[in-house]
Student: 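Would you mind keeping the following structure in view while I ask a few things?
Below, chain A is the first sequence line, B the second, and so on; all start at residue 1.
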There are 2 protein chains.
Amino acid sequence: LIAKAIHIAVDVMGGDYGPSVTVPAVIKALSESPALTVTLLGRTTLFEKQFNNQLSVFGDRVRYIDCADEVGMDEKPSYALRHKKESSMFLSVAMVGRNEADACVSAGNTGALMAIGMFVIKTFRGIDRPAVCAEMPTEKGSCLMLDLGANVDCRAEHLSQFAVMGSVMANSMKQINHPKIGLLNIGEEESKGNEQVRLAAGLLEKNKNINYIGFIEGDDIYKGDVDVVICDGFVGNAVLKASEGVARLVGQKINQSIERSWLTKVQALLSRSLFKELQKQIDPSRYNGASILGLRKVIIVSHGKADIQGFCNAILLACRQVEEDLPEKIQLRLS
Amino acid sequence: LIAKAIHIAVDVMGGDYGPSVTVPAVIKALSESPALTVTLLGRTTLFEKQFNNQLSVFGDRVRYIDCADEVGMDEKPSYALRHKKESSMFLSVAMVGRNEADACVSAGNTGALMAIGMFVIKTFRGIDRPAVCAEMPTEKGSCLMLDLGANVDCRAEHLSQFAVMGSVMANSMKQINHPKIGLLNIGEEESKGNEQVRLAAGLLEKNKNINYIGFIEGDDIYKGDVDVVICDGFVGNAVLKASEGVARLVGQKINQSIERSWLTKVQALLSRSLFKELQKQIDPSRYNGASILGLRKVIIVSHGKADIQGFCNAILLACRQVEEDLPEKIQLRLS
């Protein structure tokens with residue numbers, strides 16, 4: 001439950017489903033959090049008729065900014081930054097930049113959101129580039145992983161900055177003292193990997209502000225022995241999406257197994273409900289809401305395929321990060 | 001079933017379990033394939049007492065080379081190449097180099113195996129570096145993926161070479177005409193990704209010998225819409241191991257769900273057997289046996305954690321590639 005009054009700018013146009021998912025998600029978040037106020041940015045004609053009755057219940061806790069333009073999922077960040085100044089995404093970030101909103105949430109083009117965020121809100125001194133950070137399920141609970149796709153080419157210094165930001169986030173948002181930081185590599189031995197991760201390991205070992213525990217491999221992400229996984233955005237994105245693919249493959253195999261099995265209909269139903277419970281636990285939208293860390297304000301990017309609960313989680317994550325003053329805490333650690 | 005007489009050199013010392021897994025796997029392979037002859041290379045004292053009765057059944061289809069040394073799982077490839085000339089791994093590859101064996105199989109250090117393979121057996125003209133290629137499960141069956149860890153830094157030309165080798169392998173081993181080749185990236189749009197994949201895409205588009213279909217993302221690996229996935233070894237290894245981690249996480253969650261559920265003991269047993277069947281389908285050791293493609297002979301590296309069935313699969317994969325003259329076919333396509 002949110003304690004203080006918080007105002008979130010929501011880009012309702014982003015994601016694969018647009019307002020049909022983002023607006024009901026806002027309604028859910030408003031119902032659950034009486035201290036929350038939301039400004040919806042997007043083509044209001046697309047959702048006002050359908051959702052007007054439900055939204056009017058919240059009175060002036062819901063505001064609207066009708067936007068003539070939007071950022072496409074496939075648009076180049078540099079193009080969006082230059083030519084989409086009237087888009088719902090740009091105007092959402094701009095509200096945060098002018099302190100008219102505490103944070104913004106979008107399910108749109110991550111690269112464009114980051115570029116607009118860097119331009120409008122700026123990074124902290126000591127942060128060259130922001131990183132996308134999200135929670136991943138593990139055998140013992142969850143861990144944080146960054147970068148998940150914002151930076152395709154990372155120098156060792158970038159990976160080292162990611163480690164500091166991830167450490168502050170684990171400490172602040174998950175109350176973990178001295179979060180264990182692992183650097184993703186293709187072997188645990190010092191000699192393994194490319195030059196960039198070996199150089200980054202050297203920087204992380206020297207940094208006394210973080211609890212660096214060494215190289216980890218891809219399967220270690222899900223074991224739960226580290227609190228924060230550091231990697232470049234290309235590898236992080238590939239790993240994140242491959243994991244989603246495996247989860248979906250499992251779902252398909254489960255259905256095939258049940259169909260082929262000798263279970264009675266009642267048993268099949270029982271098994272199916274067990275499997276559904278399981279899928280919820282490994283479902284990425286449950287852990288939805290990735291943070292663009294390194295900016296002076298809170299910006300949350302939601303999975304493009306997030307459902308209503310998933311996008312609602314992203315809004316609530318934004319609220320919690322505002323309450324925790326996460327950007328402030330990152331700045332303190334950097335200085 | 002193998003038709004022609006084939007002789008495989010097996011490094012029994014590699015892997016996490018050594019001869020306790022590799023020797024029973026050899027016994028299984030020999031039982032299933034009457035045309036197979038095997039030379040076991042390793043410390044014979046470690047397994048001869050335990051397995052002598054079972055091995056003697058096969059008469060002169062089993063030969064032994066007692067090796068004084070072995071390559072450690074954590075040893076640098078350059079060190080192994082220089083200082084481990086009497087190791088079971090080096091001597092296994094050397095047998096293939098001298099045409100005393102048709103192929104070799106090891107569950108040992110992949111980097112060392114590749115380095116020794118390059119030194120002893122050599123790559124084809126037109127191949128700068130070999131790549132590790134394995135079969136991955138998909139919603140429609142399986143696909144091939146390379147490189148899985150041999151090359152941490154790949155130039156565009158390397159990725160292009162991998163595509164040709166993967167295409168030949170899918171065609172030869174899986175009877176797929178015009179295998180669909182996808183290049184792993186962090187978005188499907190042309191502007192996405194790093195310079196290396198964009199340059200590689202340009203080379204693949206120009207190559208008329210392959211059926212290049214464009215960029216794919218991590219989750220597409222498991223959908224089954226492409227026959228061959230191309231990526232650099234760092235990304236490939238991270239994705240492969242992360243996928244194993246997700247599969248293990250699923251297994252753990254399944255057991256938790258069953259324990260917490262209201263199922264009767266009989267229903268729990270039934271569900272558990274369904275789940276086990278499922279895990280077998282997504283188990284990496286079922287798809288075991290990775291090929292080091294680009295060498296003039298067949299070398300198969302098995303997963304270090306492979307069980308008896310897994311290592312046996314690796315031996316049978318070596319046999320099939322020898323039967324298919326896979327290296328010969330790759331050479332033909334390159335020239």
Student: Which heavy-atom pair separates B:I186 from A:G149 by the least distance, and what is that distance?
Tutor: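 Minimum heavy-atom contact is CD1-O, 3.7 Å.
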
Student: Among residues 225-236 of chain A, which ones touch chain B with a heavy-atom distance under 4.5 Å?
Tutor: A:G233, A:F234, A:V235

Student: Between chain B and each of A:G111, A:G224, A:S243, A:A242, count heavy-atom pairs under 4.5 Å; write down the option with the most.
Tutor: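 The candidate making the most pairs under 4.5 Å is A:A242.
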
Student: Restricting to non-hydrogen atoms, name the atom on A:T138 and the atom on B:L249 that form the minimum distance, rounded to 0.1 Å.
Tutor: C-CD1, 3.4 Å

Student: Of all the heavy-atom pairs spanning B:Q252 and A:E139, show the shortest one and how long it is.
Tutor: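 Closest heavy-atom pair between B:Q252 and A:E139: NE2-O, 2.9 Å.
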
Student: Considering non-hydrogen atoms only, spot the tightest contact between B:V152 and A:G193 and give its length.
Tutor: CG2-O, 3.8 Å

Student: To check you understand the geometry: which heavy-atom pair defines the closest contact between A:A247 and B:V246, and what is its length?
Tutor: N-CG1, 4.5 Å

Student: Mark yes when over 12 heavy atoms from residues, nucleotides or ligands other than B:Y17 sit less than 6.0 Å from its OH; otherwise mark no.
Tutor: yes

Student: With only heavy atoms counted, which part of A:D153 is less than 4.5 Å from chain B, the side chain, the backbone, both or neither?
Tutor: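 For A:D153, side-chain heavy atoms alone lie under 4.5 Å from chain B.
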
Student: Grab the two heavy atoms, one from A:A238 and one from B:L184, that are nearest each other, plus how far apart they are.
Tutor: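 Here A:A238 and B:L184 meet closest at CB-CD2, 4.3 Å.
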
Student: Supply the atom-to-atom distance A:K241 NZ to B:I221 CD1, rounded to the nearest 0.5 angstrom.
Tutor: 11.5 Å

